[in-house]
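A quick write-up on the structure given underneath.
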Amino acid sequence: MPAANFDELKQAITARYPAMSKQLQGIARFVLERPNELALGTVAAIASTAGVQPSAMVRFANALDYSGFSQMQQVFRGRLVERSVSYRERIEELRHGGRRSSAAAGPESVLHQAVSDSIGELGHLEEIVTAAQFRAAIGLIAKAPQLHVLAQRRAFPVACYLAYALSQLELRAHLLDSVGGMLPEFVRSIASSEVLIAISFRNYSPDVVDTAAACKARGVPVIAITDSAVSPLKPIARVCFELGDDSRRPFRSLVAPLCLAQALVVSTGHHLAGAKEKRRPAARSGRAAR
C-alpha cells in the first residue's frame, strides 16, 4: 500500500532510499527538500527543475508503490492544503521575487539574498521541529552525566558552539575530534548512560556517521542534527532533527542549525533551573521537620 500522507511518505522514502538507484536517490532528496513544488507543478516542470526526465519521476512514484506520478502528487497537495499558505511563506516568496528582479543591483544583493534565505530557513525550522522532539532531546541532555558532541567540516561550528554553551550550564560537555586518529578510542570510553550529539549534513562525514553507529551499537543515546529523512544519521538517532538543506546552493547556511543549537541550550538551562527550584522546597521542608 502506498503512503497516504506526507509523514508516511517520508518514512517510506527513508526505508527504501538505500536500495534506490543514484538517480532515484537524487529525486528523493529533491522531493524532501522542495515538497511545495511537488504539489504545484506539472510532472514535466518538476522533472526539469530536478534535472531528470519525466519518466524518472514516474519511476520514483512507482518505487514507492504509487500507480503513477499523479497519485503521489496528491500526497504533496494534501500536505499543502493542511498547512495552507502562511503569511511567512507569502512574504518569503515576495522577497525572493524582489531579489530576482534586483539580482544585478550590486554586491549588496548578496547580503539581501542571505537575509531572505535565512528568514525562510528560520520559518521552516519553527514548523518542522516538534515539541515532542524538543522535550525528548532536552531530557536526554539534562540527565546525561557527560555529553559528547561531534561534527566535521561545515557542521563543525555547530558542535563547537554546543560544547561551549552546554559547559556554561555546568554540564560536562566534550567536543570530540579526530586529532591523531584517536576518535575510535575516545568512542570506546563513552558509557551507555552518556549522550552523543552528532551533527552532519550532505555530503555526510563518514567519521560522524560511523561514530554515531558505534555509539548506538553500545547503547549510547544519539541526538542527531541533520538535513533530511534520508540522512544516514536518521535510523541511528534516538532524537533526530531534520532541518532541510537546499543542496542547489553553492554556499549552504548554518543559520537554522545554530538557531536550533542555541534553543536547545537555553531550554536545557530553563529545565535545569526548574528542576533545581523544585528540589529547594523539599529540602526546606525536610529541615523544618527536624
Side-chain angles (χ1 to χ4, degrees), residues 10 88 117-177 186-187 190-202 204-205 208-209 211-213 215-216 219-229 231-245 252-278:
K10 283 177 62 178
R88 185 184 299 112
D117 290 343
S118 296
I119 291 171
E121 283 182 44
L122 293 175
H124 181 64
L125 175 67
E126 190 176 22
E127 292 171 357
I128 61 174
V129 174
T130 68
Q133 282 179 302
F134 216 69
R135 284 194 294 267
I138 292 165
L140 288 171
I141 291 169
K143 72 180 182 181
Q146 179 149 333
L147 300 158
H148 304 271
V149 190
L150 175 63
Q152 293 181 348
R153 301 199 287 263
R154 80 179 183 93
F156 188 67
V158 185
C160 286
Y161 170 77
L162 276 171
Y164 163 76
L166 289 170
S167 69
Q168 297 304 298
L169 297 179
E170 299 183 357
L171 296 174
R172 295 179 62 197
H174 175 216
L175 180 64
L176 290 169
D177 59 49
F186 288 140
V187 171
I190 298 176
S192 60
S193 59
E194 299 170 0
V195 170
L196 173 71
I197 304 174
I199 308 110
S200 191
F201 310 107
R202 186 172 178 259
Y204 309 100
S205 167
V208 174
V209 175
T211 298
C215 283
K216 181 187 179 183
V220 178
V222 176
I223 298 171
I225 300 175
T226 189
D227 48 11
S228 79
S231 166
L233 289 176
K234 169 74 173 178
I236 295 170
R238 179 84 59 88
V239 180
C240 185
F241 295 101
E242 306 156 29
L243 306 189
D245 191 8
R252 287 173 282 173
S253 171
L254 287 176
V255 168
L258 281 170
C259 182
L260 173 65
Q262 189 170 45
L264 284 171
V265 170
V266 173
S267 297
T268 300
H270 286 309
H271 177 92
L272 293 170
K276 190 174 182 180
E277 286 295 324
K278 287 179 181 179

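This chain uses plain numbering: 1 for the first residue, then up along the sequence.
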If you look at every heavy atom in [X] and [Y], which pair is closest and at what distance?
| X | Y | answer |
| --- | --- | --- |
| Ser228 | Tyr204 | OG-OH, 4.0 Å |
| Leu175 | Ala163 | CB-CB, 3.9 Å |
| Ala256 | Leu122 | CA-CD2, 4.4 Å |
| Cys240 | Gln133 | O-NE2, 2.7 Å |
| Leu258 | Val158 | CD2-CA, 4.0 Å |
| Gly269 | Leu169 | N-CD1, 3.8 Å |

Euclidean distance, [Y] [atom2] relative to [X] [atom1], rounded to 0.5 Å:
| X | Y | atom1 | atom2 | result |
| --- | --- | --- | --- | --- |
| Thr226 | Arg202 | OG1 | CZ | 11.5 Å |
| Gln152 | Leu176 | CD | CG | 10.0 Å |
| Glu194 | Lys143 | CD | NZ | 13.5 Å |
| Ile190 | Leu150 | CD1 | CG | 8.5 Å |
| Leu162 | Ile197 | CG | CD1 | 5.5 Å |
| Phe186 | His174 | CZ | NE2 | 5.5 Å |

Any sub-3.5 Å donor-acceptor pair from [X]'s side-chain atoms to [Y]'s backbone N or O?
| X | Y | answer |
| --- | --- | --- |
| Lys234 | Glu242 | no |
| Ser192 | Gly219 | no |
| Ser167 | Tyr164 | yes |
| Ser231 | Asp227 | no |

Would you say that [X] contacts [Y] through its side chain, given a criterion of any heavy-atom pair below 4.5 Å between the two side chains?
| X | Y | result |
| --- | --- | --- |
| Leu254 | Phe201 | yes |
| Leu243 | Ile225 | yes |
| Leu147 | Leu140 | no |
| Leu196 | Val187 | no |
| Phe241 | Leu233 | no |

Mind running side-chain contact (heavy atoms from CB on, under 4.5 Å) on Phe134 and Leu264 for me, showing each step along the way?
CA-CA 8 Å; Phe134 216 69; Leu264 284 171; 3.7 Å; yes
Step by step, work out the side-chain contact (heavy atoms from CB on, under 4.5 Å) result for Tyr161 and Val149.
CA-CA 10 Å; Tyr161 170 77; Val149 190; over 6 Å; no
Under 6.0 Å from the CD atom of Gln168, do we count more than 12 heavy atoms belonging to anything else shown?
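Yes, CD of Gln168 has more than 12 neighbouring heavy atoms, counting only those of other groups under 6.0 Å.
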